[in-house]
Asker: 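I'd like to ask some things about the structure below.
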Amino acid sequence: MSKRVRAPQTTAEPVRSNRSRAVAELLPAIGGAAFRKFGFVQSSVVSRWPEIVGEKLSRACAPESIRFPVGQKQGGTLTLTAHGAYAVMIQHVVPEIMERVNRFFGYPAVARVQIRQGEVAAAQPPRRPPPSLKPAPPEMGEGLKAIADPELRAVLESLAAGVAATRALPKVS
């Protein structure tokens with residue numbers, strides 16, 4: 001009788017870059033793992049819920065999880081948490097919610113919606129640019145005027161004005 005000897009299994013060591021990385025570079029991976037654990041493949045569904053379903057519905061319900069059949073990324077079940085009195089009303093607009101979520105994903109990700117009664121966290125008001133931002137002077141160029149998002153345009157104009165006003169190297173203290 002001969003015994004079979006198993007070769008030892010080696011686990012691949014992650015490639016190290018030997019460089020320091022910004023925290024912002026690490027956070028998407030950490031947040032993505034947490035969202036996947038609780039049923040969200042794409043965290044932007046949670047963060048952009050008011051854009052997906054509209055302000056009115058986002059105050060009445062919030063996404064809790066999306067569960068897909070094993071090995072698939074479509075035909076999933078979206079679980080919503082709704083305020084008690086709004087649950088019946090939301091049942092009537094489930095086809096519209098499914099359509100909007102599927103349009104957001106770009107494919108038929110959600111085939112079914114479950115509604116659970118519970119407390120919905122108050123939606124955060126949209127961020128407004130700080131009042132100290134001033135438009136860039138005309139000599140900065142026309143490049144920033146093509147940006148459609150007013151908040152992003154205001155921040156970039158402020159940054160451009162600050163860079164133009166600075167003549168010396170920044171001091172690090």
Side-chain angles (χ1 to χ4, degrees), residues 14 20-136 140 142-162:
S20 59
R21 297 190 300 180
V23 173
E25 189 178 329
L26 301 171
L27 282 179
I30 295 168
F35 276 110
R36 279 191 301 277
K37 180 179 178 184
F38 292 105
F40 281 102
V41 176
Q42 196 171 23
S43 61
S44 58
V45 171
V46 176
S47 62
R48 296 179 64 186
W49 186 246
E51 293 175 40
I52 295 171
V53 297
E55 290 295 324
K56 207 175 204 180
L57 281 174
S58 70
R59 286 191 298 263
C61 66
E64 187 176 288
S65 68
I66 299 177
R67 302 283 182 202
F68 295 104
V70 177
Q72 295 183 6
K73 292 294 178 193
Q74 60 184 8
T77 301
L78 170 66
T79 304
L80 298 176
T81 302
H83 286 296
Y86 291 103
V88 174
M89 185 179 74
I90 290 173
Q91 281 181 329
H92 294 288
V93 292
V94 161
E96 184 179 344
I97 291 173
M98 284 176 36
E99 176 195 343
R100 289 180 179 193
V101 171
N102 288 336
R103 191 178 330 137
F104 175 77
F105 277 110
Y107 64 93
V110 175
R112 192 169 155 236
V113 175
Q114 286 183 338
I115 301 171
R116 186 180 71 78
Q117 290 184 349
E119 287 300 312
V120 176
Q124 297 293 328
R127 282 186 36 214
R128 304 224 185 271
S132 63
L133 298 178
K134 297 177 181 128
M140 287 288 174
E142 299 293 317
L144 296 176
K145 293 187 180 182
I147 298 173
D149 184 13
E151 181 180 352
L152 177 62
R153 184 175 49 248
V155 170
L156 290 175
E157 286 175 349
S158 174
L159 176 65

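Keep in mind that this is a model prediction, so the values were computed, not measured. Along the sequence shown, residues carry numbers from 1.
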Asker: Should Gln114 and Thr77 be marked as a side chain to side chain donor-acceptor pair (under 3.5 Å) after you check the CA-CA gap, both sets of side-chain angles, and the distance that decides it?
Answerer: CA-CA 7 Å; Gln114 286 183 338; Thr77 301; 5.9 Å; no
Asker: What are the two closest heavy atoms between Gln74 and Pro108, and how far apart are they?
Answerer: CB-O, 3.2 Å
Asker: Would you mind reporting whether Val94 and Leu80 have side-chain heavy atoms less than 4.5 Å apart?
Answerer: no
Asker: Work out which heavy atom in Gln91 is nearest to a heavy atom in Ile115; give both atom names and the distance.
Answerer: CG-CD1, 3.6 Å
Asker: For residues Pro50 and Glu55, report the shortest heavy-atom separation together with the two atoms involved.
Answerer: CB-OE2, 3.5 Å
Asker: Show the nearest heavy-atom pair for residues Ala82 and Ala87, with the distance to one decimal.
Answerer: CB-CA, 4.1 Å
Asker: At their closest point, which heavy atom of Val120 faces which heavy atom of Ser58, and how far apart are they?
Answerer: CG1-O, 4.2 Å
Asker: Start with the C-alpha distance between His83 and Gln117, add both sets of side-chain angles, then the distance that settles side chain to side chain contact (heavy atoms under 4.5 Å, CB included), and finish with yes or no.
Answerer: CA-CA 6 Å; His83 286 296; Gln117 290 184 349; over 6 Å; no
Asker: How close do Tyr86 and Ala60 get, counting heavy atoms only, and between which atoms?
Answerer: CG-CB, 3.7 Å
Asker: When rounded to the nearest 0.5 angstrom, what is the spacing between CZ in Arg103 and CD in Glu96?
Answerer: 8.5 Å
Asker: Indicate yes or no: at least one non-hydrogen side-chain atom of Val93 is less than 4.5 angstrom from one of Val53.
Answerer: no
Asker: Backbone N or O of Lys73 within a donor-acceptor pair of the Tyr107 side chain at under 3.5 Å?
Answerer: yes
Asker: Let me confirm one number: the NE2-CD1 distance from His92 to Ile97, rounded to the nearest 0.5 Å.
Answerer: 12.0 Å
Asker: Atom CG in Leu78, atom CZ in Arg67: separation rounded to 0.5 Å?
Answerer: 11.5 Å
Asker: So, does Trp49 use its side chain to make a donor-acceptor pair with the main chain of Leu57 at under 3.5 Å?
Answerer: no
